[in-house]
Protein chains: 2
Amino acid sequence: MSPVSSPSARPGAAADGLSRVERKELTRQSILAAALRLAETGGLSAVSLRQVAKDVGIVPTAFYRHFDSIEELGLALVDEAFVSLRAMLRDVRSADPAFKDIIDSSVRVLTEHVRAQRGHFLFIARERFAGPAAVRSAIRHEIELCERELATDLARLPGPDAWASEDLYVLANLIVGAVVSTAEELLAAEGRRSAEDAVAERARTQLRMMLVGALNWRSRP
Amino acid sequence: MSPVSSPSARPGAAADGLSRVERKELTRQSILAAALRLAETGGLSAVSLRQVAKDVGIVPTAFYRHFDSIEELGLALVDEAFVSLRAMLRDVRSADPAFKDIIDSSVRVLTEHVRAQRGHFLFIARERFAGPAAVRSAIRHEIELCERELATDLARLPGPDAWASEDLYVLANLIVGAVVSTAEELLAAEGRRSAEDAVAERARTQLRMMLVGALNWRSRP
DNA sequence: CTGGTCGGTGCACAAGCGTTCACTGAACGG
DNA sequence: CCGTTCAGTGAACGCTTGTGCACCGACCAG
């Protein structure tokens, strides 16, 4: 059988226009995609090497040409997932910084990214607690990076710019937590637009509530 | 081999002072405890009937005398876990309602319960996304109940008592989300007191920030 | 005392798992 | 052109898995 796409690619026959490294990368991507899909029922630890291989269209042992173990595959998936998450953060940051509707645009960017990268968000939400220890700590580390980034962003805002850096991080932690909860509720909406809209509206109100709290907050001496 | 406690209980020999139903319940509890522990590495879907049986000290097929499947066992664990969670909520509610330190006492109750019921909290945090569909929706349903309960509690507070019920639920959702995040961070602290204390202190500040936000919030007309 | 109930036993089976090993042949560098 | 590299092959291994079945014997109601 041929890898990557069962009916079209021909490994032993005439060469497509692809170099050897290109074909290897293609198979690698197929493995990642298959694992992401298979992990949706039962989590990463329930993904079997043989299932992935069958799904990709290669023999089980060929898996080892790309990853040493399922756990290493999981770490690669974490990387992949946080690439799209960072893309989202970039979008949020580059949005119109008109203070008034910064919340609206951020929530919209979040809902769109969750819809577009559903698989990655699901993976992170799941493996954050269910994954192998190495995967869990990789995810935790990445989330912590996001919090620190947000804290430095907040420091540039007119209200909290006079805060203790301690309080800045605490607020960032609170916001990231709320965003994670919102993302998880969006996932639970399973694509139903009305449910998604309700979650988004709720998130807007919550962020506004937090904003009101922040604007009336004074760091203790 | 004998169930419940390998060296002491004797099934075929002289009877301990236990009736048949008592012995069955004891075995059932042992199965639940074993499953909870085994689920810690790999999640519920990675728990095998045979492992549980070996751990409890019964033969694999005897498992079916208590549960039809691992999934049904999972639902029983959800029930068990939310029993302790409700006990926690009762403790929070019955605490001294002196408005000033209601936050301090709530956070202390939370940290104590997470420490005492670590296994249950871990189970909920994990299976909320990684578990079988039935388990996931059972957990989601229970959390939603907690949010509604909290909303009715909030309605009795001096500040938000004039709010729209819509906003009350939104605030309850925000608080529950923050509490869930805090519980998850307490779990991530893995029992190290200094880390736990830092999380608790952060949670106190966050709840105060939300309180400030709530006190300055006005429901839109 | 007796007969039914039922938790626990022991064996068997087919299916799936990760991993090993020697192999093939297209793509590539010199 | 020719030798090397290496992604993918295919058979084989020892193990664990869920589940079906006939069976046992302590408990308990009558």
Side-chain angles (χ1 to χ4, degrees), chain A residues 1-6 8-32 34-35 38-39 41-74 132, chain B residues 1-6 8-32 34-35 38-39 41-74 132:
Chain A
M1 201 193 290
S2 144
V4 174
S5 67
S6 311
S8 70
R10 299 152 331 236
D16 2 17
L18 299 153
S19 79
R20 187 147 60 167
V21 292
E22 285 170 328
R23 294 174 54 57
K24 175 163 187 179
E25 180 59 23
L26 226 67
T27 305
R28 192 190 134 98
Q29 291 301 327
S30 294
I31 291 177
L32 288 170
L38 289 173
T41 50
L44 183 66
S45 61
V47 171
S48 88
L49 183 154
R50 287 181 108 104
Q51 279 270 11
V52 172
K54 182 187 288 185
D55 224 69
V56 171
I58 57 176
V59 94
T61 47
F63 174 90
Y64 293 111
R65 302 288 182 200
H66 302 272
F67 301 97
D68 279 350
S69 64
I70 294 285
E71 175 163 333
E72 205 191 275
L73 193 168
Chain B
M1 200 190 290
S2 144
V4 174
S5 68
S6 311
S8 69
R10 299 152 331 233
D16 3 16
L18 299 152
S19 80
R20 187 147 61 167
V21 292
E22 284 171 328
R23 296 178 46 62
K24 175 164 187 178
E25 181 58 23
L26 226 67
T27 305
R28 192 189 134 99
Q29 291 301 327
S30 294
I31 291 177
L32 288 170
L38 289 172
T41 50
L44 182 67
S45 62
V47 171
S48 89
L49 183 155
R50 287 181 108 106
Q51 279 269 10
V52 172
K54 183 187 288 186
D55 225 67
V56 172
I58 56 176
V59 95
T61 46
F63 175 90
Y64 294 111
R65 302 289 182 198
H66 302 271
F67 301 98
D68 278 351
S69 64
I70 294 287
E71 175 165 332
E72 205 191 274
L73 193 169

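Sequence lines set the chain letters: A, B, ... in the order given, protein chains first and strands last, and positions in each chain run from 1.
- As a whole-Å value, the separation of B/Arg65 CZ from D/dG18 P is 18 Å.
- For A/His66 and D/dC6, the NE2 to C1' distance is 10 Å, given to the nearest whole Å.
- Scanning all heavy atoms of the two residues, the minimum distance from B/Leu44 to B/Pro132 falls at CD2-CD, 3.9 Å.
- For B/Lys54 and D/dT17, the NZ to C1' distance is 12 Å, given to the nearest whole Å.
- Atom CG of A/Leu49 and atom C1' of D/dT16 are 16 Å apart (whole Å).
- A heavy-atom distance below 4.5 Å is found between the side chains of A/Leu32 and A/Phe67.
- Closest approach of B/Thr27 and B/Val56 over heavy atoms only: CG2-CG1, 4.3 Å.
- For the residue pair A/Leu26 and A/Leu18, the shortest heavy atom distance occurs at CD2-CD1, 4.5 Å.
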Item to check | Test log, rule side chain to side chain contact (heavy atoms under 4.5 Å, CB included), inputs B/Phe63 and B/Ile70 | outcome: CA-CA 10 Å; B/Phe63 175 90; B/Ile70 294 287; 4.2 Å; yes

Next on the checklist: Set out, in order, the CA-CA distance, both residues' side-chain angles and the distance that settles side chain to side chain contact (heavy atoms under 4.5 Å, CB included) for A/Ile31 and A/Ile58, then state yes or no.
Outcome noted: CA-CA 10 Å; A/Ile31 291 177; A/Ile58 57 176; 4.3 Å; yes

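- For A/Thr27 and D/dG8, the shortest distance from a side-chain N or O to OP1 or OP2 is below 4.0 Å.
- Across every non-hydrogen atom of B/Ala46 and A/Ser45, the tightest pair is CB-OG, 4.1 Å.
- Here C/dC17 is the nucleotide among D/dG8, D/dT17, C/dC17 with the atom lying nearest to any side-chain atom of A/Ser48.
- In this entry the distance linking CG of A/Leu26 with P of D/dA7 reads 14 Å, nearest Å.
- Base-pairing analysis of DNA chain D finds the following stems of at least three consecutive Watson-Crick or G-U pairs, with both pairing distances under 3.5 Å: C:1-30 with D:1-30.
- Mapping A/Val59 and B/Tyr64 onto DNA chain D by nearest heavy atom places A/Val59 closer to the 5' end of the strand.
- Here the C1' atom of nucleotide C/dC6 and the CD1 atom of B/Ile58 are 14 Å apart, to the nearest Å.
- B/Glu22 places a side-chain N or O within 3.5 Å of a backbone atom of B/Ser19 that can act as its donor or acceptor partner.
- At a cut-off of 3.5 angstrom, counting only N and O atoms as typed in the model, there is a donor on one side and an acceptor on the other between the side-chain of A/Thr61 and the base of D/dG10.
- Put simply, the side chain of A/Lys24 gets close to the backbone of A/Arg65: a donor and an acceptor are under 3.5 Å apart.
- B/Arg50 has its CZ atom 13 Å from the P atom of C/dA12, to the nearest Å.
- Residues A/Lys24 and B/Ser69 each lie close to DNA chain D; by heavy-atom proximity, the contact nearer the 5' end of the strand is made by A/Lys24.
- In this structure, B/Glu22 atom CD and D/dC28 atom C1' are separated by 13 Å, rounded to whole Å.
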Protein N or O to nucleotides 28-30 of chain C N or O, pairs below 3.5 Å:
residue, atom, partner, partner atom, Å
C/dC28, OP1, A/Arg20, N, 2.9

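- When the nucleotides C/dG8, D/dT9, C/dC17 are ranked by their closest atom to the side chain of A/Gln51, C/dC17 comes out on top.
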